[in-house]
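In what follows, a structure is listed as structure tokens, so that the remarks can point back to it.
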Amino acid sequence: MKYRHLGNSGLEVSEIGLGTNNFGSRMDPDQAAGVLNAAIDLGINLIDTADIYSHGQSEDYIGRALGDKSGKRESVILATKFGMDWEDGPHGQGGSRKHIMRSVEGSLKRLQTDYIDLYQFHRPDPNTPIGETLRALDDLVRDGKVRYIGNSNFSAWQIADASWTAATERLAQFVSAQPEYSMLVRNIETEIIPACDRFGLGILPYFPLAMGVLTGKYKRGADVPEGTRLSTMPAARQESRLNDGNFSVIEKLEPWAKDHGHTLLELAFAWQLATPTISSVIAGASNPDQLAQNAAASDWVLTAEEKAEVDALLDGSPAR
Ligand SMILES: NC(=O)c1ccc[n+]([C@@H]2O[C@H](COP(=O)([O-])OP(=O)(O)OC[C@H]3O[C@@H](n4cnc5c(N)ncnc54)[C@H](OP(=O)(O)O)[C@@H]3O)[C@@H](O)[C@H]2O)c1
């Protein structure tokens with residue numbers, strides 16, 4: 001496994017990370033522990049979760065698994081999130097000091113740890129000044145409860161605003177951004193990637209496999225394979241991923257990858273890692289075998305020419 005610095009920070013994260021929004025919703029504690037321990041054994045150190053994933057279950061399963069694997073906590077980068085709808089009523093979500101101070105205690109307890117490596121603001125809160133959020137996060141960093149802070153689902157102007165606010169108020173800076181990004185969803189290329197480059201944030205793309213579509217296991221006109229993520233979703237959500245536009249792109253990418261001795265899955269990871277701003281690709285995995293395939297994908301380093309060839313295939317596609 002290779003490691004990259006997370007943005008301008010000193011934190012080194014594995015090029016392949018582990019997303020865990022399926023812990024609790026689709027995996028029980030034993031299955032989650034199996035995948036987590038396999039990740040550690042493969043050298044994957046970045047574990048991404050959130051308080052709202054199955055309302056705390058994902059964090060809880062990670063805490064239990066790390067407790068069983070004693071001595072491993074230190075080698076893992078635990079990245080969690082706050083700010084999405086935890087409960088109804090005032091301060092049940094968002095970026096207020098009150099919500100943050102309560103949320104962090106819940107996450108620390110469920111994760112069975114006394115510090116969070118990367119605490120991410122899950123989505124912007126238009127009703128709370130970013131200065132209030134950053135000051136509360138800065139206090140957590142000074143208290144040692146949090147080591148680094150990041151954002152998620154921020155627009156480019158919000159990244160710039162937060163960076164300037166932190167600089168002028170002398171507060172901890174966001175070191176990471178977590179937007180959706182894959183070969184099928186590329187809108188961050190115009191504004192967000194340049195903003196992250198300018199302000200020194202590393203990107204942790206979510207849905208890097210487009211929920212599994214970029215594994216190649218879904219085929220045009222074929223039934224959705226049983227037991228897969230998309231098989232559990234309503235028809236409209238399936239259609240948003242399994243549509244003619246996406247299949248047209250996949251049908252160009254898959255032969256290109258094959259001609260280069262690789263699979264579509266490997267290309268999905270290697271293409272992301274060809275952009276230096278991408279620090280770690282945090283794909284979810286249903287079992288240790290999937291994880292091992294994903295970890296191995298980072299062995300393929302695309303040349304600049306190969307990256308340009310793939311981009312040209314994508315540029316001509318309707319998916320952008
Ligand atoms: N910040 C945010 O707002 C936000 C939003 C969503 C997600 N996230 C984070 O991003 C992470 C990644 O997103 P994601 O897991 O939802 O989507 P994803 O990484 O695009 O897709 C993961 C799914 O693809 C399938 N898969 C993975 N590796 C495979 C392999 N080698 N062979 C075959 N199938 C494979 C698995 O599903 P099946 O086996 O069931 O097909 C797996 O659950 C999440 O876990 C979460 O931590 C963040």
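First listed ligand is number 1; within each ligand, the first listed atom is number 1. Only this structure's heavy atoms are used, side chains among them; waters, hydrogens and symmetry mates stay out.
- Of the heavy atoms in P208, both backbone and side-chain atoms come closer than 4.0 Å to ligand 1.
- On a distance-only criterion, M211 and ligand 1 share at least one N/O pair closer than 3.5 Å.
- Near Y53, the atoms of ligand 1 lying under 4.0 angstrom from a non-hydrogen atom of the residue are 4 (C), 7 (C), 8 (N), 9 (C), 46 (C), 47 (O), 48 (C).
- Atoms of ligand 1 lying under 4.0 Å from at least one heavy atom of G19, given by number and element, are 11 (C), 44 (C), 45 (O), 47 (O).
- With hydrogens and angles ignored, the 3.5 Å screen pairs no side-chain donor or acceptor of D48 with any backbone N or O of G19.
- Atoms of ligand 1 found under 4.0 Å from any heavy atom of R26, numbered from 1 in the order shown, are 40 (O).
- A cation-pi geometry, defined here as NZ or CZ lying under 6.0 Å from the six-membered ring centre and within 45° of its normal, holds between R147 and Y115.
- Relative to atom 16 (O) of ligand 1, the option among R241, Q290, R229 with the closest non-hydrogen atom is R229.
- A parallel orientation is assigned to the rings of W86 and H55, their planes being inclined by less than 30° (bins at 30° and 60°).
- Those atoms of ligand 1 that come under 4.0 Å of a heavy atom in T20, given as number and element, are 45 (O), 47 (O).
- Residue contacts with ligand 1 include K81, since one of its heavy atoms falls under 4.0 Å from the ligand.
- In this structure, F82 and H99 have tilted ring planes: the angle between them lies in the 30° to 60° band.
- Considering both main-chain and side-chain atoms, A210 comes within under 3.5 Å of ligand 1 through a nitrogen or oxygen pair.
- Taking each of A50, P205, G212, A177 in turn, the one with a heavy atom nearest to atom 24 (O) of ligand 1 proves to be G212.
- Minimum heavy-atom separation, Y119 to K81: CE1-C, 4.3 Å.
- Aromatic ring orientation, F154 versus F174: perpendicular (interplanar angle above 60°, classes split at 30° and 60°).
- Annotation: A285 places no N or O atom under 3.5 Å from an N or O atom of ligand 1; distance criterion only.
- Each of the following atoms of ligand 1 lies closer than 4.0 Å to a heavy atom of F207: 6 (C), 7 (C), 12 (C), 13 (O), 14 (P), 16 (O), 17 (O), 18 (P), 20 (O).
- The distance from the CD atom of Q120 to the OG1 atom of T80 is 7.5 Å, given to the nearest 0.5 Å.
- S14 and S280 make their closest contact through O-OG, 2.6 Å (heavy atoms, listed as atom of the first residue, atom of the second, distance).
- For atom 37 (O) of ligand 1, the nearest protein heavy atom (residue, atom name, distance) is S286 OG, 3.6 Å.
- Considering both main-chain and side-chain atoms, T215 never comes within under 3.5 Å of ligand 1 through any nitrogen or oxygen pair.
- Among the atoms of N294, some N or O lies under 3.5 angstrom from an N or O of ligand 1.
- Taking a 6.0 Å sphere around CG of D259, one finds it holds more than 12 heavy atoms contributed by other residues, nucleotides or ligands.
- Within a 6.0 Å radius of CD in E251, more than 12 heavy atoms belonging to other residues, nucleotides or ligands are found.
- Note that CG of L201 and OG1 of T277 are 10.0 Å apart. Values are rounded to the nearest 0.5 Å.
- Counting atoms of ligand 1 from 1 in the listed order, those under 4.0 Å from a heavy atom of H122 are 1 (N), 2 (C), 3 (O).
- Taking every heavy atom of N22 and a limit of under 4.0 angstrom, the matching atoms of ligand 1 come to 43 (O).
- Applying the 4.0 Å criterion to heavy atoms of S152 picks out, from ligand 1, the atoms 1 (N), 2 (C), 3 (O).
- Of the polar atoms of T49, none of the N or O atoms is found under 3.5 Å from an N or O of ligand 1, judged by distance alone.
- The protein heavy atom nearest to atom 34 (N) of ligand 1 is K217 NZ, 2.8 Å.
- Counting only heavy atoms of the protein, atom 42 (C) of ligand 1 lies nearest to G284 O, 3.5 Å.
- Checked against a 3.5 angstrom limit, the closest N/O atoms of T228 and ligand 1 fall outside it.
- Identified under the side chain to side chain donor-acceptor pair (under 3.5 Å) test for residues 159-169, with sequence neighbours left out: R135-E169, S163-Q173.
- Considering backbone and side-chain atoms together, L209 places an N or O closer than 3.5 Å to an N or O of ligand 1.
- Of the protein's non-hydrogen atoms, the one nearest atom 32 (N) of ligand 1 is Q293 OE1, 3.6 Å.
- For the pair R110 and Y61, the cation-pi criterion (under 6.0 Å, within 45° of the ring axis) is not fulfilled.
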